[in-house]
S.K.: 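Once you've had a glance at the structure underneath, I'll fire off some questions.
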There are 2 protein chains.
Amino acid sequence: MDTRAAIIHIGDTLLRERGYNAFSFTDISRELDIKNASVHYHFPTKASLGVAIISEYEKAFEDLRKESAGAPALAKLRTFLKVYIAARGQNKICLVGSLATDLYTVDEAMQQALGRLVRQILSWLTAILEEGRSEGMFFFSGSARTKALLVITNMMAALQLTRVTGKKDFQEIKGAIIADLIGSGKRIKQKN
Amino acid sequence: MDTRAAIIHIGDTLLRERGYNAFSFTDISRELDIKNASVHYHFPTKASLGVAIISEYEKAFEDLRKESAGAPALAKLRTFLKVYIAARGQNKICLVGSLATDLYTVDEAMQQALGRLVRQILSWLTAILEEGRSEGMFFFSGSARTKALLVITNMMAALQLTRVTGKKDFQEIKGAIIADLIGSGKRIKQKN
DNA sequence: ATTTGTCTACCTACTAATAGGTAGGTATCT
DNA sequence: AGATACCTACCTATTAGTAGGTAGACAAAT
C-alpha cells in the first residue's frame, strides 16, 4: 500500500474513533514509522488530509451506488446499511457524525466537502426508498427524502449512542428500521 | 450569576458548539475576563468540569421529568423534544452526541457520568412512549425502549446533520417523528 | 556507458502557539 | 484567623507547520 493511501486510512480511523481535534500528524507518522514532516509532504495541512478523507468516501459511496444499481430496493438498502454495520463492528462512528460535531472548528474546504458527501448519501438513500415504495417493497408515508433523513439520523446516532449503551442496541435499531420499512407489522396505507 | 455556574454554562456552550477537544480553560477564562488559573480554582481538571456539565444535565432532565409528571403523554413528549428544539435554535448539538464522538479521549469518570445521563434520558422517553401507547395516544410496534432509541437517535443526529443540510430539515424530522407516533396516517395496529 | 538533472519520498531540526496544570501570593469578607 | 476567589508566573508536553538537506530512481544528453 502506498504511503498516501495509508495516511488517509489511518487518518480516517483516528477521525472516526477519536474525533478530528483528537488526532495529530504525529499520531499518523508514529503508526507508519515515519516522521511527522513526511506526513506533511503528502498533505501540507491537516485540512488537506481532511478533504482527502471525505473525498475517499464520496468515491466509495459512488462505487456502492453503481455496484448495486441493478439490485432490488431491499438489497440496495442492505448495501447502504452495511456501511454502518461495518463501522459498528469496529467501534467507529460515521464520518458525517464525527465531523458535524467539530464542524465549526474545521476549514471551510472541509465543510464544503462534507456538504457534498451528505447530499450524495441523502440522494442515494432517497432514491432507494422511493424505488422500494413504488415496487411495493417499502411502506412509509411522507416524502422519500424525509424518510431518508429519518433513517440516516437513526444510523448516524446509533453508532454514537450505542458506544454508551452497548452493541445490542445497535442491532435493535437496525432491525426496527427494516421492519418499519417493509411493513412487517402489516400496515394499511393511509389516505393522502 | 456565580462564577462556577458561569464556567459550567460557557463550558457547555463550547462543548456543544465545537466539541470537547476544541475548547480550553483559556477560552472560558477569556469569556469571563479572568485568568485561566482561576478556572482551575473552580475545576481542578478539565475532566472535573466535564463531569459537572454532565451532572447539570442529569439535574435538568430530572426537573423536566418531575415538572411534566401530571401532563398527558403528548405534552411530555413535546417537553422532551423542546430540549432538542432549543439546541437547534442555538446551532448547538446535543451533549450526548458531542461526547460520544470524543468518548475514547475523555476521562473514565466522564464516560461513566455520560452513561448515567444516557440511561436516565432513555428511561424517561421509554416511559413517555409506553404511557402514550396505553393511553391510546401513540401508536408504534415493538418495545417502547426500542422506539425510544429510534426517537433519540433521530433527534441527536438531526442536530448534527442539519448543521450541514439546513434548519428546515430539522423541522421536517421533528414533524415526522410526531406524525409517526400519533399515527396521523391512520394506521391499523398489527397482530402480535 | 557515464554523467547530468530532475523527481520522489523521505529526513533532521526547528518554530510559534497553545494545551492542561501547578506553586505560591494577595485582597476581601466573615 | 480562616476561607474564598482571584492573581502572577511558571512548567512541560504537544500542536500544526516550515526550512532545508539527502538518498535513490530514472531519463536524457554527452
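Just the heavy atoms: all of them, side chains too, but no hydrogens, waters or symmetry mates, feed the values below. Residue numbering restarts at 1 for every chain, and letters A, B, ... go by the order of the sequence lines.
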S.K.: How about A:Lys167: does its NZ atom have over 12 heavy atoms from other parts shown lying under 6.0 Å from it?
M.R.: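 More than 12 heavy atoms, drawn from other residues, nucleotides or ligands, come within 6.0 Å of this atom.
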S.K.: Is B:Lys147 salt-bridged to A:Asp180, cutoff N-O under 4.0 Å?
M.R.: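 Judged by the 4.0 Å cut-off on N to carboxylate O distance, B:Lys147 and A:Asp180 do not form a salt bridge.
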S.K.: Tell me whether B:Arg116 contacts the main-chain N or O of B:Glu58 through its side chain, where contact means a donor paired with an acceptor under 3.5 Å.
M.R.: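 Judged by distance alone, no pair lies under 3.5 Å.
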S.K.: Can you pull out the residues from residues 12-26 of chain A that lie within a 4.0 Å heavy-atom distance of DNA chain C?
M.R.: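 Of all residues in residues 12-26 of chain A, none places a heavy atom under 4.0 Å from DNA chain C.
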S.K.: Round to the nearest Å and state the distance from B:Asp107 atom CG to C:dG21 atom C1'.
M.R.: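 B:Asp107 atom CG is separated from C:dG21 atom C1' by 14 Å.
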S.K.: For a quick test of reading the model: is some side-chain N or O of A:Ser38 closer than 4.0 Å to OP1 or OP2 of C:dC11?
M.R.: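 Answer yes for this pair, as a side-chain N or O of A:Ser38 is under 4.0 Å from OP1 or OP2.
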S.K.: Rounded to whole Å, how long is the line connecting atom CG of B:Asn36 with atom C1' of D:dC10?
M.R.: 11 Å
S.K.: Between A:Arg133 and A:Phe140, is there a donor-acceptor pair closer than 3.5 Å when you use the side chain of the first and the backbone of the second?
M.R.: yes
S.K.: Find the distance B:Leu32:CG to D:dA5:C1' and express it as a whole number of Å.
M.R.: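 Checked: the CG to C1' distance equals 13 Å.
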S.K.: Could you check if a side-chain atom of B:Met155 sits within less than 4.5 angstrom of a side-chain atom of B:Ile177, using non-hydrogen atoms only?
M.R.: yes
S.K.: Show, in sequence, the C-alpha distance, side-chain angles and deciding distance for B:Lys76 and B:Glu131, and conclude whether the salt bridge (charged side-chain N to carboxylate O under 4.0 Å, His left out) test is met.
M.R.: CA-CA 10 Å; B:Lys76 284 178 183 163; B:Glu131 182 192 324; 2.7 Å; yes
S.K.: Roughly how many Å is it from NZ in B:Lys35 to P in D:dC7, rounded to a whole number?
M.R.: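 Checked: the NZ to P distance equals 7 Å.
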S.K.: Only one of A:Thr162, A:Asn154, A:Thr153 passes side-chain hydrogen bond (donor to acceptor under 3.5 Å, both in side chains) with B:Thr153; say which it is.
M.R.: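 Single pass found, and it is A:Asn154.
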S.K.: Do B:Lys59 and B:Glu56 pass the salt bridge (charged side-chain N to carboxylate O under 4.0 Å, His left out) test, and can you show the C-alpha distance, the side-chain angles, and the key distance before you say yes or no?
M.R.: CA-CA 5 Å; B:Lys59 264 184 266 172; B:Glu56 209 63 25; 3.6 Å; yes
S.K.: With a 4.5 Å cut-off on side-chain heavy atoms, are A:Leu99 and A:Leu15 touching?
M.R.: yes
S.K.: With a 4.0 Å heavy-atom cut-off, tell me which residues in residues 39-56 of chain A come close to DNA chain D, sorted by residue number.
M.R.: A:His40, A:Thr45, A:Lys46
S.K.: For A:Arg78, is the CZ atom crowded, meaning more than 12 foreign heavy atoms sit under 6.0 Å from it?
M.R.: no
S.K.: What is the ring orientation for B:Trp124 with B:Phe61, classed by angle as parallel under 30°, tilted 30 to 60°, or perpendicular over 60°?
M.R.: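 Plane angle over 60°, so perpendicular.
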S.K.: According to the Watson-Crick and G-U wobble definition with distances under 3.5 Å, which dot-bracket string, read 5' to 3', encodes DNA chain D, using [ ] for crossing pairs and | for pairs with another strand?
M.R.: ||||||||||||||||||||||||||||||
